[in-house]
Amino acid sequence: MGRKRDLTNVVKSGPGKKTKKQKPPQVPNSVKNEDADDSEKKLSSRQKQRVKKRLQKQQEKIEIKEKKKEEKLQQKIKKESQKPGKFARAPVVKKKRKMEESESESEEESDDNEEDDEEDSDEEETKPVKGYSDDNKTWLKPSSKRALMDSDESEEADEDEDESDGVAGDDFDDVGLSDDDESEDDSEESGDEDLLPVEKKAKKLEKKREKNKKLAEAELQTNITDMETFTLPSGQEVEKEAAQAPDITMVQQRIKEVIHVLAEFKDRREPGRSRQEYVRQLRSDFCTYYSYNDYLMDKIMTLFPLEIQEFLEANEVPRPVTIRTNTLKTRRRDLAQALINRGVNLDPIGKWSKVGLIVFDAQVPLGATPEYLAGHYILQGGSSFLPVMALAPQENERILDMASAPGGKTTYIAALMKNTGTLFANDANADRAKAIVGNIHRMGITNTIVCHHDGRVFPKIMKGFDRVLLDAPCSGTGVISKDVEVKMNKDEKDILRCAHLQKELLLSAIDCCDANSKTGGYLVYSTCSVLTEENEAVIDYALKKRNVKLVPTGLDFGREGFVNLQQHRFHPNMKLTRRFYPHTHNMDGFFVAKLKKFSNKIPGTGAATADGEAEGESSKVIDDSSKNTKQSENVKNNSDSDSDDEEEKRKTSKKDKSKNKWLAKKSNKKQFKPGKFKKFKSVGK
């Protein structure tokens with residue numbers, strides 16, 4: 001491309017000496033410009049050669065550093081291999097770079113070829129390592145390499161990070177990381193391209209802290225407490241603790257240790273101690289720590305043998321506030337938008353409900369908003385939606401809500417009925433019935449009749465309902481977060497009293513339902529209790545006393561009812577009932593059962609229990625029997641009266657005859673005087 005330099009003017013005068021150059025002949029301007037261009041090109045090629053030399057030096061430094069790293073890692077691997085219970089890390093295996101370049105290349109090579117060679121060398125440097133030097137290839141996987149830094153300072157910083165992490169460069173990830181963690185890290189790195197370098201470093205620090213926390217937790221699990229055997233306190237120690245104020249921290253630690261022993265009782269138990277002793281100690285510690293009485297704690301532990309602590313902890317936290325949309329006046333979407341505009345933070349309660357909203361935070365009182373006063377929603381617990389959903393009321397039906405105060409379920413039933421048919425809202429307490437009236441007027445319901453009768457005598461007042469809902473009064477063991485006094489106040493007598501009342505109410509509710517209904521004949525029984533004495537035992541009693549059967553509730557979630565619980569055995573269809581717990585469903589403890597009535601007759605008797613054909617036949621029989629008895633009584637009375645009249649006539653006729661004989665003789669009139677009755681008798685004869 002360029003001209004060769006003219007060296008004819010340089011004359012050697014001796015070894016190692018040069019004479020002065022002669023002045024070159026004058027050249028035209030065009031030729032001078034061409035020479036300037038050639039000099040610039042020659043200078044650019046020289047600079048490239050210098051850059052190559054610098055790169056070679058840097059690569060030599062990198063190779064020296066990598067050799068040092070490999071030597072350090074090999075020493076660490078040897079030390080760790082001697083320690084038991086630790087994994088040895090795989091030594092870093094890297095390919096040697098090909099640094100041999102031909103020195104015989106001419107200086108007139110093109111710039112394009114030189115750039116291509118540099119790109120090829122960079123690609124060879126960034127190729128991932130696939131080789132392993134030992135058996136660690138079964139569990140180690142190579143991760144993506146980082147690009148080599150241009151400056152030496154950045155490489156030294158990387159070396160310091162690698163040495164602190166104990167990882168050879170960035171060729172392999174930590175032993176504790178799984179494939180999922182690697183994929184997550186890769187995805188995060190790919191998504192962090194838009195972040196600033198400071199933000200990327202901050203994220204890396206957070207990841208390291210999380211890893212350290214996980215490692216610390218793993219070390220705690222293999223702590224001394226796992227190796228030592230837990231000893232139960234003796235009788236004297238228990239007496240001393242009872243005399244003093246309880247140490248909450250000590251009780252909490254003992255609860256954890258007892259649960260840890262019961263998880264693997266055979267291996268961790270104290271010699272000579274039975275499981276009952278550990279359970280007894282655990283129950284007493286639960287009672288002191290969570291403030292329960294012994295009877296209620298025993299019942300709860302039988303229900304939740306494995307998740308007792310989760311249930312108790314959930315009862316200490318209040319349930320979230322939930323509201324129900326009144327579909328007679330608005331839609332849930334519009335209501336949510338209106339409340340959000342007022343500063344309320346809310347979300348749908350779940351996929352199982354289309355009208356419920358859960359409120360996280362509110363800047364205004366939910367019971368005083370214009371939407372509430374207009375009847376667009378009502379404050380109602382999420383668990384109280386479930387009985388109405390199981391009842392599934394239809395339009396133009398005759399429905400009874402036997403224990404309806406304060407009116408949340410009643411208004412929900414009326415909304416599903418779309419203000420058609422007839423709904424009877426009953427409650428035994430007249431003062432609580434006033435709350436029903438207020439909610440009904442506010443929600444715009446027009447098909448409801450409010451009354452206050454004792455539910456046990458309601459069948460004598462009215463019968464023949466298509467559907468009946470009985471949310472029976474209970475002990476409230478499912479709503480301990482609302483009423484803390486249940487922990488200490490409820491004992492065995494209270495539970496048995498509630499169960500007896502529930503059985504009576506359930507039988508009367510079944511009697512109010514009509515088995516011959518074309519659309520219904522269903523009854524839903526629900527309680528806010530988790531005890532079997534108030535739930536499965538009551539349903540089992542009703543199945544024996546009335547012609548009813550259990551049917552699916554239609555609820556997609558919730559746990560099945562108990563069929564076997566310790567020594568108790570319930571009906572096999574009890575699994576169709578549903579149970580809801582605060583620690584699993586984040587709502588109040590609840591029980592829901594749905595029954596179908598298939599006959600109005602009471603088992604063991606021929607009597608009917610509802611209005612209909614059977615009742616009509618029984619009324620006819622009663623009327624006929626009453627008529628027959630009246631006729632027989634009339635006949636008897638007539639015959640008795642006739643006999644009495646004849647006797648009276650006979651007596652009067654005899655008297656008249658005697659009088660006539662006596663009056664026939666005039667002398668008798670004169671002779672008769674008071675006190676002379678004997679003479680009168682003799683004369684008469």
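A salt bridge is defined here as a Lys NZ or Arg NE, NH1 or NH2 lying under 4.0 Å from an Asp or Glu carboxylate O, and Asp588 with Lys482 meets this definition. With salt bridges taken as basic N to acidic carboxylate O contacts below 4.0 Å, none links Glu560 and Arg579. Between Arg269 and Glu264, no side-chain nitrogen of the basic residue sits less than 4.0 Å from a carboxylate oxygen of the acidic one, so the salt-bridge criterion is not met. A salt bridge between Glu533 and Arg497 is absent, with no side-chain N of the basic residue lying under 4.0 Å from a carboxylate O of the acidic one. Residues Lys487 and Glu316 are paired through a salt bridge, judged by an N-O separation under 4.0 Å between the basic side chain and the carboxylate.
With sequence neighbours excluded, no residue forms a side-chain hydrogen bond (donor to acceptor under 3.5 Å, both in side chains) with Ser274. Partners of Asp294 under the salt bridge (charged side-chain N to carboxylate O under 4.0 Å, His left out) rule, at least two apart in sequence or in another chain, are Arg283. Scanning for side-chain hydrogen bond (donor to acceptor under 3.5 Å, both in side chains) contacts around Tyr372 gives an empty result, with sequence neighbours left out.
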Q: Please step through ring-ring contact (aromatic ring centres under 6.0 Å, His included) for the pair Phe557 and Phe580, ending with a clear verdict.
A: CA-CA 9 Å; Phe557 67 109; Phe580 303 92; 5.2 Å; yes
**Q.** Step-by-step salt bridge (Lys or Arg N to Asp or Glu O under 4.0 Å) determination, Lys409 to Asp471
**A.** CA-CA 9 Å; Lys409 300 180 184 66; Asp471 185 21; 2.7 Å; yes
Q.
Please determine whether ring-ring contact (aromatic ring centres under 6.0 Å, His included) holds for the pair Phe304 and His583, giving the CA-CA distance in whole Å, both sets of side-chain angles, and the decisive distance to 0.1 Å.
A. CA-CA 11 Å; Phe304 309 102; His583 64 286; 5.5 Å; yes
Q: Determine, stepwise, if the pair Arg559 / Glu307 fulfils salt bridge (Lys or Arg N to Asp or Glu O under 4.0 Å).
A: CA-CA 14 Å; Arg559 295 189 183 180; Glu307 49 190 354; 2.5 Å; yes
Q.
side-chain contact (heavy atoms from CB on, under 4.5 Å), that's the test. Do Tyr377 and Leu366 meet it? Break it down for me.
A. CA-CA 10 Å; Tyr377 68 90; Leu366 294 175; 4.2 Å; yes
**Q.** CA sep, side-chain torsions, deciding dist, call: Asp466, Arg398, salt bridge (Lys or Arg N to Asp or Glu O under 4.0 Å)
**A.** CA-CA 5 Å; Asp466 296 319; Arg398 197 162 172 249; over 6 Å; no
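With no hydrogens or angles considered, a side-chain donor-acceptor pair links Ser384 and Gln380 at under 3.5 Å.
Proximity of the aromatic rings of Phe465 and Phe424 is defined here by a centroid distance below 6.0 angstrom, and this criterion is met.
Of the possible donor and acceptor atoms, one in the side chain of Asn447 sits under 3.5 Å from a partner among the backbone N and O of Thr420. Although no hydrogens or angles enter the test, the distance criterion places no donor-acceptor pair under 3.5 Å between the side chain of Asp514 and the main chain of Gly464. Judged purely by atom type and a 3.5 angstrom limit, Ser404 has no side-chain atom pairing as donor or acceptor with the backbone of Gly407. Formation of a donor-acceptor pair under 3.5 Å by the Asn489 side chain with backbone atoms of Glu485 is found in this model. Side-chain atoms of Asn426 do not come within 3.5 Å of backbone N or O of Ala403 as any donor-acceptor pair. A donor-acceptor pair is defined here as one N or O able to donate and one able to accept, closer than 3.5 Å; such a pair exists between the side chain of Asn326 and the backbone of Met443. Counting only distance, with no hydrogens or angles, the side chain of Asn535 and the backbone of Thr527 share no donor-acceptor pair below 3.5 Å. Judged by distance alone, the side chain of Thr325 and the main-chain N or O of Val355 form a donor-acceptor pair under 3.5 Å. Looking at Asn547, its side chain does come within 3.5 Å of a backbone N or O of Lys601 through a donor-acceptor pair. At least one donor-acceptor pair closer than 3.5 Å links the side chain of Glu397 to the backbone N or O of Gln394.
For the pair Lys594 and Tyr522, the cation sits on the ring face: its NZ or CZ lies under 6.0 Å from the ring centre, inside 45° of the axis.
The CE atom of Met417 sits 9.5 Å away from atom CZ of Arg467, with the distance rounded to the nearest 0.5 Å. Here CD1 of Ile510 is found 10.0 Å from SG of Cys512. Values are rounded to the nearest 0.5 Å. Leu506 contributes atom CG, which lies 9.0 Å from atom CE of Met402 (distance to the nearest 0.5 angstrom). Annotation: the span from Leu296 atom CG to Leu531 atom CG amounts to 6.5 Å, rounded to 0.5 Å. Taking CG of Asn600 as the reference point, atom OG of Ser517 lies at 10.5 Å (rounded to 0.5 Å). Note that CD of Glu395 and OG1 of Thr519 are 11.5 Å apart. Values are rounded to the nearest 0.5 Å.
Of the candidates Leu335, Thr327, Asp334, Arg331 forms a side-chain contact (heavy atoms from CB on, under 4.5 Å) with just one, namely Asp334. A salt bridge (Lys or Arg N to Asp or Glu O under 4.0 Å) with Asp511 holds for exactly one of Lys545, Arg546, Lys460, Arg456; it is Arg546.
Ser475 and Lys490 make their closest contact through O-CE, 3.3 Å (heavy atoms, listed as atom of the first residue, atom of the second, distance). Of all heavy-atom pairs between Ser529 and Phe591, the closest is O-CB, 4.1 Å.
The aromatic rings of His568 and Phe570 sit parallel, their planes meeting at an angle under 30°, below the 60° perpendicular limit.
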